[in-house]
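Reviewing the structure listed below.
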There are 2 protein chains.
Amino acid sequence: MKPMKKRVEPTESAKARILAAAEPVFAEWGFDAATVRKISEAAGVPVALINYHFGSKQGLYRAIFEKRTPTIMDQRIAGLRLARAEPDLDRRVDLVVKALIYPMFSLRGESPSADFGRIIVREMSDPQSETRGIFRDMFDPVAQMLTEAIAECFPDWTTKEVHWAYHTMLGAMTIVMTDNGRMARLSDGEVRADDWEEAALHMCAILVAGLKHRDRTLTRGN
Amino acid sequence: MKPMKKRVEPTESAKARILAAAEPVFAEWGFDAATVRKISEAAGVPVALINYHFGSKQGLYRAIFEKRTPTIMDQRIAGLRLARAEPDLDRRVDLVVKALIYPMFSLRGESPSADFGRIIVREMSDPQSETRGIFRDMFDPVAQMLTEAIAECFPDWTTKEVHWAYHTMLGAMTIVMTDNGRMARLSDGEVRADDWEEAALHMCAILVAGLKHRDRTLTRGN
DNA sequence: AATAATCTTGAACGACTGTTCAATCCCCGT
DNA sequence: ACGGGGATTGAACAGTCGTTCAAGATTATT
């Protein structure tokens, strides 16, 4: 007896279509300015279907994160496991930085690619995100692991030095996911923010060197 | 004969009160989700007065930038002049990085302080910002000067290396203005993002070292 | 003192918001 | 062949959105 399977095609299709259509809309407009009607039109379904499948606009929003984040977090955890296997602390720094950055950029493999990155940044810069608690629920645990990994690479660093290092890296990463063509404009089209492979290369080089060679004379004492 | 002066107190007061009240509202909600009624209530004036004084919601939004950005840009230009006076290129890097970062953080002196920083980040991560053109008009010129200053510090760098360096720094800076308490949460309250003096100290240390000691083997070619 | 210019006000406009509801559809197991 | 349950639909709900308007209040100029 096969496991009872519901109507496969049209059912899954409609819900998935809404989920897929919602991503670029939330990316372009942000949570508040995105409207369920824009999403329903993009998905080719009546508005009511969104509330039926996801309960509310916020439910749909959260469903996007629940669909996307596990992949990223698993990759980060795998990267961290790889880093911890490296006994040389100097070489390990490189792996920890890459464990943070590369999983986010590898989003480009999937269809809406940059859209989810933009959603993350908008959620991060939205004070209202606290009420939704998405970061607390889905991102913070791995963030904890990353700061601990940094602390292990630099055993004599203070807590502040560790956390500021993490957030400096985090910020550098977010700007790439945010770019709306400003990089191309400032560089006369010579540099493109959507070339993520290159972005990761440059950013990792700078951040790794920054961690290894930072001047601690002003920050060491507490 | 004195220059014709309009009614000084109540007039300037109402317009200024709207401008001041709008800042925290836009910071908390973003351009689209912020409503003219929230602003008018915060300012204690009827809604219609906003359109009378600023033409439209977007006019008010732009007025905030026109009030705030000149101060920041002037400070950056002054910092760059100081940097160019430093003949030692290695020491000059430090001054260029500080010319980028410190003027933004010195916002804390004025009343709404962090609010405008948040507005900037939200505008930066909003694809709709292109239609408003605020960055193009008010930020890009000085951004050009900054990238040129970096290029002068590292004469053998490629255009891509220069621009990625600039954007890495820019991103690191934005995350601090964005933070909604996540840093404190991740560090059990030990590190606070609103301690901007300390933030600048840590970030400059990392970024300066990142620029000076980055590994160029993978990015040098082309 | 009278006129003009500017500022302020409350109410109203049509358009759009997220969500709900009853009715209808379609496919599955019996 | 038939009933049942999840999926789908269009219409409607009560609010809120940015903006406009005519009227009134306040100040400046003649």
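Just so we're on the same page: letters track the sequence lines, and every chain starts at 1. Only heavy atoms go into these numbers, but all of them, side chains included; no hydrogens, no water, no symmetry mates. Because the structure is predicted, anything quoted here is derived from the model rather than measured.
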Do B:Met177 and B:Phe116 touch side chain to side chain, with heavy atoms closer than 4.5 Å?
no

List in chain and number order the residues that pass salt bridge (charged side-chain N to carboxylate O under 4.0 Å, His left out) with A:Glu190, two or more places apart in sequence or in another chain; answer none if no residue qualifies.
none

Test ring pair (Phe, Tyr, Trp, His ring centres under 6.0 Å) applied to B:Trp29 - qualifying residues, sequence neighbours left out:
none

Note on DNA chain D: ranges paired as stems (three or more Watson-Crick/G-U pairs in a row, both atom distances under 3.5 Å) are C:2-6 with D:25-29, C:8-27 with D:4-23

According to side chain to side chain donor-acceptor pair (under 3.5 Å), who are the partners of B:Glu152, at least two apart in sequence or on a separate chain?
B:Arg84, B:Arg92

Can you check the B:Asp32 CG to D:dT16 C1' distance for me, whole Å?
15 Å

For A:Glu28, enumerate each residue passing the side chain to side chain donor-acceptor pair (under 3.5 Å) test, keeping only those at least two apart in sequence or located in another chain.
B:Gln128

A:Tyr52, nearest nucleotide to its side chain (from C:dT6, D:dA7, C:dT20):
D:dA7

Among D:dT8, C:dT9, D:dG18, the nucleotide that comes nearest once only the side chain of A:Ala14 is considered
D:dT8

How would you list all residue pairs meeting salt bridge (Lys or Arg N to Asp or Glu O under 4.0 Å) that involve residues 37-55 of chain B, not counting sequence neighbours?
none

Honestly, is A:Arg122 close enough over A:Phe31, meaning NZ or CZ under 6.0 Å from the six-membered ring centre and within 45° of the axis?
no

Rounded interatomic separation in angstrom, taking CZ from B:Phe54 and P from C:dC7
12 Å

Taking atom P of C:dT20 as reference, at what distance in whole Å does atom NZ of A:Lys57 sit?
14 Å

Applying a 4.0 Å non-hydrogen cut-off, can you work out what B:Ala33 is touching in the nucleic acid: base, sugar-phosphate, or nothing?
nothing

Just the table, please: protein N/O against nucleotides 13-15 of chain D N/O, every pair under 3.5 Å.
none

Output the single nucleotide from C:dT9, C:dT8, D:dG18 whose closest atom is nearest the side chain of B:His53.
C:dT8

Per atom distances to the B:Asn51 side chain, the nearest of D:dT9, D:dT20, C:dT9 is D:dT20

Does B:Glu66 have any salt bridge (charged side-chain N to carboxylate O under 4.0 Å, His left out) partners at least two apart in sequence or in another chain, and if so, which?
B:Arg62

Gap between atoms CD1 and P, on A:Ile50 and D:dG10 respectively (whole Å):
14 Å

What residues form a ring pair (Phe, Tyr, Trp, His ring centres under 6.0 Å) with A:Phe135, not counting sequence neighbours?
A:Phe139

Rounded distance in Å - CZ (A:Phe31) to P (C:dT17):
14 Å

Assign each of A:Gly55 and A:Lys38 to its nearest nucleotide of DNA chain C by heavy atoms, then name whichever residue's nucleotide is nearer the 5' end.
A:Lys38

Could you give the NZ-to-P distance, from B:Lys15 to C:dC7, as a whole number of Å?
8 Å

Which residue pairs satisfy the side chain to side chain donor-acceptor pair (under 3.5 Å) criterion with at least one member in residues 174-183 of chain A, sequence neighbours excluded?
A:Arg118-A:Asn180, A:Arg182-B:Asp140

Checking D:dG18, D:dA11, D:dT20 against the side chain of B:Thr35 (C-beta onward), the nearest is D:dG18

Nearest whole angstrom, please: distance from the C1' of D:dG18 to the CD1 of B:Ile39.
11 Å

Can you tell me how far P of D:dC17 sits from CG of B:Leu60, to the nearest Å?
15 Å

Looking at residues 127-134 of chain B, who's got a heavy atom less than 4.0 Å off DNA chain C?
none

Under the side chain to side chain donor-acceptor pair (under 3.5 Å) test, which residues partner B:Arg192, sequence neighbours left out?
B:Asp194

Pi-cation contact, B:Phe54 with B:Lys15 (under 6.0 Å, within 45°)
yes

